[in-house]
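Below, chains carry the letters A, B, ... as their sequence lines are ordered, and counting in each starts from 1.
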Amino acid sequence: MPDLLEHLNPEQLAAVTLPGVSALILAGAGSGKTRVLTTRIAWLISTGQVSPYQILAVTFTNKAAREMQIRLSAMLTHNIRGMWIGTFHGLCNRFLRTHHRDADLPALFQIMDTQDQLAVIKRMYKSMNIDDERYPARQLQYFISGAKEQGLRPNQVEAFDDYTRRQVELYAAYEQVCQREGVVDFSELLLRSYEVLARNQSLREHYQHRFRHILIDEFQDTNLLQYRWLKLLAGKETSVFAVGDDDQSIYAFRGADVGNMQRFQQEFAPIELIKLEQNYRSHGNILDAANALIRNNQTRLGKNLWTRESQGDPLRIYVAPSEYDEALFVVDAIKGLTGAGVNATEIAVLYRSNAQSRVLEHSLFNAAIPYRVYGGMRFFERAEVKHALAYLRLASNPGDDGSLLRVINFPARGIGVRTLEGLQAAAQGAGVTLWQAACSSRVSGKAGAGVAAFVRLIESLGPATAGMRLPEIVEHVIAASGLLEHYKNEKEGQERLDNLRELVAAAELFEREVETGAPSIDTTGNSDTLTAFLAHAALEAGDTQAAEGRDALQLMTVHTAKGLEFHTVFITGLEEGLFPHDQSLNELDGPEEERRLMYVALTRARRRLYLTYAQSRTLHGQFRYNVASRFLDEIPPPLMQWLSPTPANLVAESESPRRDEAAESRPPREIERGPGFRIGQNVIHAKFGTGVIVNAEGRGADARVQVNFRDAGLKWLSLEFAKLEAA
DNA sequence: GTATGGAGCATGTTA
DNA sequence: TGCTCCATAC
């Protein structure tokens, strides 16, 4: 058991073994945050201070929750099933399933994702004759989520103008629809749990007494409602252990409130404050650059990362004339790196906005470099998967109008717009759900036959699948609904069929995890595995893209890269207007949030960091010239090595001569190692023949030259491996 | 019920 | 520039 605490540095050890008080752990990037969190839990349990049952550990992403569980089960021999560990939404789901009566929800309530939520709003607009131009559905969706994340119900939202008053009315109407249909959106999970706890004293005291330790990951990302939820759960005896990094707060735009860190210090006082500043990830130059950059922010609690590692390479800066040249540079550099033995999965190309990936992808494709792009459509969000899930949801809760509308005529059953309008009118008139209206529908003719067939189909699903295992149920529903047949007959249906098969596989995996009691799967309070699976599908939307090959290069936005690390990182598009982004500059705290974003980007790299920008770029069909990002000016020049001087920075250098170290930041005219190699030098290569050196980078073992061969064209060669001879 | 085209539009994103 | 959404036409 003491070996749990081995290899912890003094600050980590202090944090892990804090006696039962509340604490704020300021954990810098790469400082072993997850390790501290999980080791503390393991320490609390293995020293017998608490049982797993008394611990609540909450994260933002399923991935983080899973990682915690995996690490914990490696550290402990205890059964941790009784522990509450998961995402805010997952835990609230568990809570509401158990206390659905107190929460005034049906036992089989369904969870809507953002797509479903938008569909509900649009449907409501139609029945209320709302002008979508004046009150865009998307905007109302933000309005509702925003209000809920502040903990506000319609009657609590302050409205000083007619427009807002109308939005509040629509918010109220939306709530009625959801309540009638037994569906909840993501923020409702939290708000509803919060309200149950706030209103029900005995329940609240039960949980406050139960949870002796509450641990929160990524505390800087919490919103106001999450903060208040935690505060309600924490009793007098509870110690709250909040881990976060204000410098990595990059989600203010979706409601995260760094102010929670100050709030926590005041309202949970007295608390312990521990800073984890030793970084175990990056070389010194990378950290120095990150520290120097973030020092430009005014509002921060203050931290300075340091490392025992060597300084390492300087940051490599490349200025490209256009985004195409930027992409070509990245491709060349990657070829060099993988050629020198760096695994492609250990290389990440980061950008500020998704639109930038296209040019990069194009060049990578042409160069036949396998890559993987993060972001975009996720597995459980695909249309065919959602169709299948809609049938499953109807089997368990036919009152779910959204699911009914999605599939009542898919595959086509001859139920057209007019029939549907009739059904909707009947439902509205009688104040019932569409399903009830459909059951008592007396539509005649073909449409009537279609509706009747649909009703019979849904009604048959329950009895037909009784006693089946989850994957069999899913398989049955896919076939009985006609989805299978439909996609088989569709020309481009193969991929959709594959996804449906994948859904059966997902059900299989899910069932296995339920049986083996994997703590990530939670069936507490669920009446059956199907309901749990449907909640799982909504709460964990799955991966964004199937892995394309094993050794694929990683492409993603800086936001997506948070929490990850790579041997080599390229930060591209470092231009004013792009990074920092134009639109952020008008926002309150926008510029500082952009800088934190850059800080996150820099600290992803372990060994090697490339910063690139394009002097010109076409964005949204608009060609424009750009100046270098301010962030490049905020990194001390001695830490940087310019791989391609631009006239601009040559001028700058002659105007203000820099210290001696600045010599490193100029492109190397002489290439160390290999006698007398220079740019412009003619060389001979055993395989490629004769050529001329046109570019060079790196020193020592890293030194590489770009040679334009007469026959073989442009090639990057590592001086260490390639046998080059002067001609 | 599906195909086509034009208008409008364009940060970041977890559950 | 490229997509998403909606209206219109078949």
Side-chain angles (χ1 to χ4, degrees), chain A residues 58-65 86-94 111-118 122 132-133 136-138 142 145 148-149 184-191 193 217-218 221-223 225-226 249-256 323 350-359 362 374-378 380-381 409-420 450 486 490-491 535-544 556-563 573 577-587 590 593-594 596-598 600-601 617-624:
Chain A
V58 56
T59 64
F60 274 86
T61 64
N62 290 302
K63 200 175 155 205
T87 63
F88 279 101
H89 296 85
L91 295 176
C92 287
N93 176 50
R94 174 192 272 206
I111 302 169
M112 295 186 286
D113 65 14
T114 34
Q115 283 179 32
D116 302 332
Q117 188 189 20
L118 192 64
K122 286 187 172 166
D132 186 85
E133 304 266 290
R138 223 359 100 61
Y142 291 143
S145 306
K148 287 187 180 183
E149 279 159 18
V184 300
D185 60 43
F186 287 134
S187 13
E188 185 69 28
L189 286 170
L190 263 154
L191 182 52
S193 312
D217 193 15
E218 306 277 15
D221 288 338
T222 50
N223 61 38
L225 179 57
Q226 288 159 338
S249 158
I250 56 172
Y251 285 114
F253 71 92
R254 70 175 195 217
E323 71 265 43
L350 308 184
Y351 35 81
R352 171 70 238 263
S353 65
N354 284 309
Q356 288 166 252
S357 77
R358 183 166 300 125
V359 177
H362 187 80
Y374 287 76
M377 187 63 79
R378 307 168 119 217
F380 286 111
E381 289 167 358
N409 198 37
F410 193 93
R413 297 187 177 84
I415 302 170
V417 187
R418 292 190 46 192
T419 314
L420 266 180
H486 176 86
E490 205 179 64
K491 271 172 288 179
H536 167 82
L539 290 175
E540 179 153 9
D543 274 339
T544 50
M556 66 190 87
T557 64
V558 180
H559 281 93
T560 310
K562 186 172 158 212
L578 195 57
F579 197 1
H581 199 281
D582 264 335
Q583 299 202 42
S584 72
L585 297 180
N586 308 320
E587 289 167 12
E593 178 144 325
E594 291 289 304
R596 291 193 289 269
L597 197 51
M598 181 65 180
V600 167
R617 178 185 297 273
T618 305
L619 205 61
H620 311 316
Q622 213 84 34
F623 179 85
R624 47 185 271 191

Contact letters for nucleotides 6-15 of chain B, in which S counts primed atoms plus P, OP1 and OP2 and B counts the base, heavy atoms under 4.0 Å = ----BBBBBB
Summarise how protein sits on nucleotides 5-10 of chain C as a single string, 5' to 3': B when a protein heavy atom is under 4.0 Å from the base, S for sugar-phosphate-only contact, - for no contact.
-> ------
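The nearest pair of heavy atoms linking A:Thr87 to A:Val58 is C-CG2, 4.0 Å. Taking all atoms of both residues into account, the shortest heavy-atom contact from A:Ser249 to A:Arg596 is O-NE, 2.7 Å. Among all heavy-atom pairs drawn from A:Ser187 and A:Lys148, the shortest one is CB-CB, 3.8 Å. The heavy-atom pair separating A:Asp113 from A:Asp116 by the smallest distance is OD1-N, 2.9 Å. Closest approach of A:Ala561 and A:Leu350 over heavy atoms only: CB-CD2, 3.8 Å.
Between A:His559 and A:Tyr251, the two ring planes are tilted [angle within 30° to 60°].
Side-chain atoms of A:Ser145 and A:Asp185, non-hydrogen and from C-beta on, never get closer than 4.5 Å to each other.
Using atom C1' as the reference point in both B:dT14 and C:dC3, the two lie 24 Å apart (nearest Å).
Nucleic acid contact for A:Asn409: sugar-phosphate only, since backbone atoms but no base atoms lie under 4.0 Å from a heavy atom of the residue.
Under 4.0 Å is where a charged nitrogen must lie from a carboxylate oxygen, and between A:Glu594 and A:Arg352 at least one such pair does.
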